[in-house]
Q: 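Below is a structure I'd like to ask you about.
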Amino acid sequence: MKIVLSGIEIETIKGDIAAQQDIAAVVNAANAQLRIGGGVAGALHRAAGPGLEEECRPLAPIKPGQAVITGAHNLPNKYVIHCLGPVFGVDKPEEKLLADCYRNALRIAEDSKIDSVAFPSISTGAFGYPMEDAARIAFQTIKDILPELNNARLIRFVLFDSESLEVHEQCLKEVFDA
Ligand code: AR6
């Protein structure tokens with residue numbers, strides 16, 4: 001599904017965050033130490049190769065809600081923006097911390113003149129955030145920050161399975177009244 005607002009495309013697709021050939025910056029659902037880990041972080045680090053962990057080392061640890069940028073090494077992208085999402089039920093207030101991830105990632109992209117960004121569904125795997133709530137927060141945060149973005153042309157959400165895609169499509173419609 002795709003909507004266009006103020007010249008910025010917001011798109012939801014089913015796929016693998018580590019295989020987004022046409023995207024300048026992919027977002028990592030990182031751990032605080034910016035190490036390889038599982039899920040999205042595992043997929044990105046495996047595809048990027050050991051140089052990514054090496055570049056990450058001096059930037060760690062990061063805090064929930066924070067985002068940092070690195071090169072993409074062997075990934076088909078130019079940059080990786082690493083975000084630490086909140087652990088649901090542990091890092092509080094979780095709504096704000098999750099919104100901070102999306103806001104901070106898009107501000108970094110704006111400062112780096114990045115035109116296309118692909119997000120996974122941050123915190124909804126190992127960190128246990130209910131997906132519908134997380135998707136609503138993600139889209140609402142993007143809606144709020146859109147007027148600040150001059151460089152972004154495409155913001156893509158890459159969902160791992162059909163159910164996740166459906167939840168995101170539903171929330172995208174709801175938040176943007178599409
Ligand atoms: N592409 C797109 N989405 C994916 C992929 C993929 N290759 N793999 C998983 N997902 P998670 P978190 C989905 O656990 O909850 C790591 O071990 C997945 O189904 O990657 O923020 C780190 O090291 C889920 O909906 O991130 C951290 O310790 C979503 O992406 C911790 O997990 C996020 O799942 C971060 O946990």
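Read the numbers this way: they start at 1 and go in the same order the structure lists the ligands and their atoms. Sequence positions, counted from 1, serve as the residue numbers for this chain.
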Q: Heavy atoms only, cut-off 4.0 Å: how does Ala126 contact ligand 1, side chain, backbone, both, or neither?
A: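 The answer is both.
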Q: Could you work out, with side chain to side chain contact (heavy atoms under 4.5 Å, CB included) as the rule, every residue matching Pro61, not counting sequence neighbours?
A: Gln33
Q: If you count every heavy atom of other residues, nucleotides or ligands that lies below 6.0 Å from Glu132 atom CD, does the total exceed 12?
A: no
Q: Within the 4.5 Å heavy-atom criterion, are Asp22 and Ser116 side-chain neighbours or not?
A: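 They are not in side-chain contact.
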Q: Hey, can you tell me if His82 and His45 have their rings parallel, tilted or perpendicular (30° and 60° cut-offs)?
A: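 Aromatic pair His82/His45 classed tilted.
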Q: Taking atom CG as the centre, does Asp111 end up with more than 12 heavy-atom neighbours from other residues, nucleotides or ligands that are less than 6.0 angstrom away?
A: yes
Q: Going by the order shown, which atoms of ligand 1 are within less than 4.0 Å of some heavy atom of Gly39?
A: 8 (N), 20 (O)
Q: Considering distance alone, does some N or O of Gly125 sit under 3.5 Å from an N or O of ligand 1?
A: yes
Q: Looking only at protein heavy atoms, which one is nearest to atom 21 (O) of ligand 1, and what is the separation?
A: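 Its nearest protein heavy-atom neighbour is Ser123 N, 2.8 Å.
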Q: Would a distance-only check, ignoring hydrogens and angles, find a side-chain to backbone donor-acceptor pair under 3.5 Å from Asp16 to Ala18?
A: yes
Q: Less than 4.5 Å apart, side chain to side chain, heavy atoms only: is that true for Leu149 and Ile155?
A: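 In contact.
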Q: Given Thr124, Val87, Asn31, Asn28, which one has a non-hydrogen atom that is nearest to atom 24 (C) of ligand 1?
A: Thr124
Q: Looking at Val40, which atoms of ligand 1 are within less than 4.0 Å of one of its heavy atoms?
A: 3 (N), 4 (C), 5 (C), 8 (N), 9 (C), 10 (N), 20 (O), 30 (O)
Q: Check whether any heavy atom of Ala18 sits under 4.0 Å from an atom of ligand 1.
A: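 No.
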Q: Considering only heavy atoms of Ala43, which atoms of ligand 1 have at least one such atom less than 4.0 Å away?
A: 7 (N)
Q: Given Gly15, Gly37, Pro86, Ser121, which one has a non-hydrogen atom that is nearest to atom 33 (C) of ligand 1?
A: Ser121
Q: Which protein non-hydrogen atom lies closest to atom 6 (C) of ligand 1, naming both residue and atom, and how far is it?
A: Phe160 CE1, 3.3 Å
Q: Report yes if Asp16 has an N/O atom closer than 3.5 Å to an N/O atom of ligand 1; otherwise report no.
A: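 Yes.
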Q: Minimum heavy-atom separation for Ala30 to Leu84, with atom names?
A: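 Shortest heavy-atom separation between Ala30 and Leu84 comes out as O-CD1, 3.3 Å.
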Q: Check the surroundings of atom NZ in Lys143: do more than 12 heavy atoms from other residues, nucleotides or ligands lie under 6.0 Å from it?
A: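 Yes, the 6.0 Å shell around NZ holds more than 12 heavy atoms from other groups.
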Q: If the condition is side chain to side chain contact (heavy atoms under 4.5 Å, CB included), which residues does Thr141 pass it with, not counting sequence neighbours?
A: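 Result, side chain to side chain contact (heavy atoms under 4.5 Å, CB included) vs Thr141: Ala99, Tyr102, Arg103, Ile137.
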Q: If you count the atoms of ligand 1 from 1 in the order shown, which ones are under 4.0 Å from a heavy atom of Gly38?
A: 16 (C), 17 (O), 23 (O)
Q: Can you confirm, on distance only, whether ligand 1 has an N/O atom lying under 3.5 Å from any N/O atom belonging to Ala30?
A: no
Q: Are the side chains of Val4 and Ile10 in touch, meaning some heavy atoms are under 4.5 Å apart?
A: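 No, too far: nothing below the 4.5 Å cut-off.
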Q: What are the atoms of ligand 1, with element, lying closer than 4.0 Å to any heavy atom of Ala29?
A: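 Result: 21 (O), 22 (C), 26 (O), 35 (C).
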Q: Just jot down the ligand 1 atoms closer than 4.0 angstrom to any heavy atom of Met131, in number order.
A: 25 (O)
Q: Check this for me - ligand 1, Phe127, N or O atoms closer than 3.5 angstrom, yes or no?
A: yes
Q: Looking only at protein heavy atoms, which one is nearest to atom 1 (N) of ligand 1, and how far off is it?
A: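 Scanning the protein heavy atoms, the shortest distance from atom 1 (N) of ligand 1 goes to Ile17 N, 3.0 Å.
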Q: May I ask you to decide if Ala109's main-chain N or O and Ser112's side chain share a donor-acceptor pair within less than 3.5 Å?
A: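 Between the backbone of Ala109 and the side chain of Ser112 there is no qualifying donor-acceptor contact (under 3.5 Å).
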Q: Ignoring angles and geometry beyond distance, decide whether Ala41 reaches within less than 3.5 Å of ligand 1 through its nitrogen or oxygen atoms.
A: no
Q: For atom 29 (C) of ligand 1, is there a protein heavy atom at a distance under 4.0 Å?
A: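 Yes, there is one.
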